[in-house]
*Asks:* 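Below is the structure I would like to discuss, written out as structure tokens.
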Amino acid sequence: MRFIFSQYGEPEMVVAEVRVELKKGVADPEGKNTLKALELLGFEGLKDVKTIKVFEIHLDGQSGEAEKRVDEMCRRLLANPVIHNYSIRIK
Amino acid sequence: MKASHVKVCVLRIEGTNCEEESYLAFKRLGTKPEKVHLKQLTGTDVTPEEKRSLADYQILVLPGGFSAGDYVRAGAIFAARMKSRLAKDLVEFVRAGKPVLGICNGFQILVETGLLPAMSGEMTEIPEAVLGTNDSARFECRPTLLRKVNRGSCVFTSRIPPEKISLIPSAHAEGKLMFPLDRSKQIVKELEDNDQIVFKYVDPEGNLSGYPWCPNGSTDNIAGICNREGNVFGLMPHPERVFFRFTHPDWTRSPDGPGDGRAVFESVLDYVTRKE
């Protein structure tokens, strides 16, 4: 049994982290409101607050091929190319 | 085709919450509306008796609400689920010239699905626009004034005179229609040339004004758009909420008559009954 497993390799598990953020120039009202609230709480010297969404995706496969699949996920659901940039990091 | 033969599919999933008013608007006009769950069209987890086919309906309505909890982006999950199993049926429905109406969350779904603005083909693979967070970063819920700017392409507004200002309430947190920033002006121009812009937010004099008249900061104050053929229409405000005059906020001070939203439903019924 051991022989068979090592021959085909243990099934690999990959964790991909997807960051979806607004493109430069797209208004971020949620970030701006948060900034205002933080200033009201007395925090000084704040330059900007941005909201960014992070998805952690656990999936089977090798990291190279997994990245391709996650990219497809971003294209088809996680990001809207009109306002979003996304980046993928395989952990 | 007689109104009583017109079957309307009011499509819902979990989190849809305006299906009742949309259903009743069509019911009141004498058509045969039906509240249909998406699973009944895709045939998953339903009995044979519950199964439905999109092709059996003359009108498709995507009502408002918070489908799938607005997770990922408003309308994105509903859109992904529709696209995964119904893409072909949807394209056939639109290609046949059958009307599709998306109200509020329904508009967000149409944009995420690529059925609007659909500047290249019936349904684009990737969204060409987005309904982003309101500039105020709040849920804006109140009466809004809409001026009809469509020159006649949209089958949902034929009964509304040009330039008429209608009072139709808005209730959304993500209603800011945006296009890719670098090409935004050019896209709006193209939409105008194609007669795809239907309603704009205005002040009582009919001018394009900022907040609060425009509740969300939408590009060029656009409140609703249609596809090139005019049979797919999406808007953020809720015409089904002002079907009757008595649901207008100023109804005791205004003359009797139908609510401002009623014309949207009557127009599309005109189109369908005349068509076949």
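All figures in this text were calculated on a predicted structure; none of them were measured in a lab. Every chain is numbered from 1 and lettered A, B, ... according to where its sequence line falls, protein lines coming before strand lines.
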*Asks:* Could you give the distance from NZ (Lys53(A)) to CZ (Arg73(B)), rounded to the nearest 0.5 Å?
*Replies:* 8.5 Å

*Asks:* Could you tell me whether Lys23(A) atom NZ has more than 12 heavy atoms of other residues or ligands within 6.0 Å of it?
*Replies:* yes

*Asks:* Could you tell me whether the side chain of Arg76(A) and the main chain of Ile126(B) form a donor-acceptor pair under 3.5 Å?
*Replies:*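 Not at all, since once roles are kept as given, no pair shorter than 3.5 Å links the two residues.
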
*Asks:* Counting only heavy atoms not in Tyr71(B), do more than 12 sit closer than 6.0 Å to its OH atom?
*Replies:*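 No.
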
*Asks:* Locate the shortest heavy-atom distance separating Leu77(A) from Ala80(B); write the atom from each residue and the value.
*Replies:*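 Nearest pair, atom of Leu77(A) first, then Ala80(B): CD1-CB, 3.8 Å.
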
*Asks:* Looking at every heavy atom in both Leu181(B) and Lys24(A), which two are closest together, and how far apart are they?
*Replies:* CD1-O, 4.0 Å

*Asks:* Looking at Asn33(A) and Ala137(B), what are the two nearest heavy atoms and their distance?
*Replies:* ND2-CB, 3.7 Å

*Asks:* Mark yes when over 12 heavy atoms from residues, nucleotides or ligands other than Arg151(B) sit less than 6.0 Å from its CZ; otherwise mark no.
*Replies:* yes

*Asks:* For the CD atom on Glu17(A), are there more than 12 heavy atoms of other groups (residues, nucleotides or ligands in this structure) within a distance under 6.0 Å?
*Replies:* yes

*Asks:* Under 4.5 Å from any heavy atom of chain A, what part of Ala76(B) do you find: side chain, backbone, both or neither?
*Replies:* both

*Asks:* Taking all heavy atoms of Pro81(A) and all of Pro127(B), pick out the closest pair and write down the distance.
*Replies:*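 Nearest pair, atom of Pro81(A) first, then Pro127(B): CG-O, 4.2 Å.
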
*Asks:* Measure distances from Ser184(B) to the heavy atoms of chain A and classify the residue's part below 4.5 Å as side chain, backbone, both or neither.
*Replies:* neither

*Asks:* Looking at Leu78(A), Leu22(A), Asp28(A), which makes the most heavy-atom pairs under 4.5 Å with chain B?
*Replies:* Leu78(A)

*Asks:* For the pair Asn80(A) (side chain) and Glu112(B) (backbone), establish whether a donor and an acceptor sit closer than 3.5 Å, ignoring hydrogens and angles.
*Replies:*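 Side chain of Asn80(A) to backbone of Glu112(B), a donor-acceptor pair under 3.5 Å: no, none is there.
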
*Asks:* Tell me, for Val20(A) versus chain B, whether the close heavy atoms (under 4.5 Å) come from the side chain, the backbone, both or neither.
*Replies:* neither

*Asks:* Please find the pair of heavy atoms, one from Val82(A) and one from Phe179(B), that lie closest to each other, and give the distance.
*Replies:*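 Smallest interatomic distance, heavy atoms only, reads CG1-C, 3.4 Å.
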
*Asks:* To the nearest 0.5 Å, what is the distance between OG1 on Thr133(B) and CD1 on Ile83(A)?
*Replies:*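 Reported to 0.5 Å precision, the distance equals 7.0 Å.
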
*Asks:* Report which part of Lys176(B) has an atom under 4.5 Å of a heavy atom belonging to chain A: side chain, backbone, both, or neither.
*Replies:* side chain

*Asks:* Has Glu122(B) got more than 12 heavy atoms of other residues, nucleotides or ligands less than 6.0 Å from its CD?
*Replies:* yes

